[in-house]
Protein chains: 6
Amino acid sequence: MKHNARNDIPAEVVEIKKGGVMAQVTVRLKGTDYRMSSVMTLDSLEDLGVTEGSTVRVVAKAVNVLLVADDAG
Amino acid sequence: MKHNARNDIPAEVVEIKKGGVMAQVTVRLKGTDYRMSSVMTLDSLEDLGVTEGSTVRVVAKAVNVLLVADDAG
Amino acid sequence: MKHNARNDIPAEVVEIKKGGVMAQVTVRLKGTDYRMSSVMTLDSLEDLGVTEGSTVRVVAKAVNVLLVADDAG
Amino acid sequence: MKHNARNDIPAEVVEIKKGGVMAQVTVRLKGTDYRMSSVMTLDSLEDLGVTEGSTVRVVAKAVNVLLVADDAG
Amino acid sequence: MKHNARNDIPAEVVEIKKGGVMAQVTVRLKGTDYRMSSVMTLDSLEDLGVTEGSTVRVVAKAVNVLLVADDAG
Amino acid sequence: MKHNARNDIPAEVVEIKKGGVMAQVTVRLKGTDYRMSSVMTLDSLEDLGVTEGSTVRVVAKAVNVLLVADDAG
């Protein structure tokens with residue numbers, strides 16, 4: 001499967017929270033302590049079929065990634 | 001500075017590409033070989049004031065992070 | 001703190017609504033009657049540490065801003 | 001025309017920049033000095049049919065609006 | 001009403017789910033069996049004023065559309 | 001490959017435009033005359049490895065889909 005997002009990193013699911021319509025899945029990037037979160041609909045979570053410990057890939061389009069620099073730059 | 005994006009990871013700028021209106025900045029997440037890209041306007045790149053080697057933070061809202069799982073799940 | 005979003009406007013928090021996983025924060029742009037809303041995870045709301053009356057900055061990437069014109073243009 | 005974006009503010013086009021595929025349109029929110037930018041394809045700019053001085057509405061989904069607070073909160 | 005999103009397709013609302021803050025509206029693209037979903041705040045759903053069977057247009061900015069190709073390409 | 005976006009529709013590439021940093025790919029949804037566009041970096045276009053006539057899937061997160069209704073609702 002190829003896609004046109006610049007960002008594609010292997011990760012492991014570490015936490016899943018469910019709301020009324022939405023769900024929040026937190027993952028840890030493989031080989032790091034960095035955590036990232038993805039918010040999705042409960043339907044999508046069900047389709048994805050992941051549980052804590054599952055291996056996934058974190059995908060984000062470059063247009064949706066913001067860079068922040070200290071004032072000293 | 002606090003913000004309401006779930007994803008906030010330190011990184012180093014490794015490449016900058018400029019087009020007519022847009023620019024693409026590629027970064028390496030600190031302590032890893034993982035690369036991420038951010039696309040922004042040339043104006044924003046100028047405001048950000050970064051060059052190759054600059055330290056930045058990669059910020060992305062959880063709603064814009066997609067998770068992909070193998071069919072075996 | 002510098003970032004690479006084109007849109008960055010001072011505002012005041014006027015309302016906070018909390019759901020199961022998500023929260024909606026409504027702000028009023030300083031010196032105007034214009035209101036904007038941001039949706040985030042409850043975790044992010046907690047990290048942000050704002051309450052009604054707090055001063056914040058509204059940040060949005062230009063790629064996520066849509067312009068609508070009347071048919072008469 | 002009704003839409004499901006929380007953010008909808010009247011504005012005036014003040015600048016248009018064109019690249020190879022993309023274009024950047026800067027607007028000033030009516031009755032303020034606040035400027036916002038929208039990035040779109042050249043095709044979309046053509047469809048929109050605006051020029052400097054045109055009246056538009058700035059529309060952004062609440063999920064794509066980030067709030068930033070000073071550390072003092 | 002003209003806007004600067006590349007994607008604009010007529011559809012019919014087929015399902016509405018409501019959570020604490022968010023709502024999910026599923027639509028069927030007119031003349032097809034293709035379904036698409038939109039997530040919005042409950043406030044936005046109320047403003048939109050649609051129910052099952054309502055006619056709407058599905059609008060998405062091209063930067064938020066991801067293309068996926070099989071490995072065989 | 002499973003992912004957590006609600007919107008996933010088969011399509012055929014009908015046009016590709018390249019700029020300095022970005023590219024615009026227009027597709028036709030299979031079995032319809034509906035066209036959708038995706039904007040991506042040139043790098044991503046190269047990774048995707050598609051040309052006019054290629055079969056792809058159009059994927060968009062529900063949070064990035066806007067619904068527009070006529071005033072009559």
Checklist outcome for this item: Closest heavy-atom pair, Leu48(D) versus Leu67(C), reported as atoms and distance to 0.1 Å, is CD1-O, 3.5 Å

Item to check | Contact leader toward chain C among Ala60(D), Pro10(D), Gly31(D), where contacts are heavy-atom pairs under 4.5 Å | outcome: Pro10(D)

Item to check | Glu46(C) atom CD: more than 12 heavy-atom contacts under 6.0 Å | outcome: no

Checklist entry - Roughly how far apart are Ile9(D) CD1 and Thr32(C) OG1, rounded to 0.5 Å? => result 7.0 Å

Next on the checklist: As an exercise: rank Val63(C), Thr26(C), Val25(C) by heavy-atom pairs under 4.5 Å with chain D and give me the winner.
Outcome noted: Val63(C)

Checklist outcome for this item: Residue set satisfying side-chain hydrogen bond (donor to acceptor under 3.5 Å, both in side chains) with Asp8(D), at least two apart, ordered chain then number -> His3(D), Arg57(D)

Checklist entry - Using a heavy-atom distance cut-off of less than 4.5 Å, which residues of residues 11-19 of chain C contact chain D? => result none

Item to check | Positions in residues 34-45 of chain D that reach chain C, provided some heavy atom is under 4.5 Å away | outcome: Tyr34(D), Arg35(D), Met36(D), Ser37(D), Ser38(D), Val39(D), Met40(D)

Item to check | Derivation of the side-chain contact (heavy atoms from CB on, under 4.5 Å) call for Val58(C) and Val27(C) | outcome: CA-CA 8 Å; Val58(C) 172; Val27(C) 302; 3.6 Å; yes

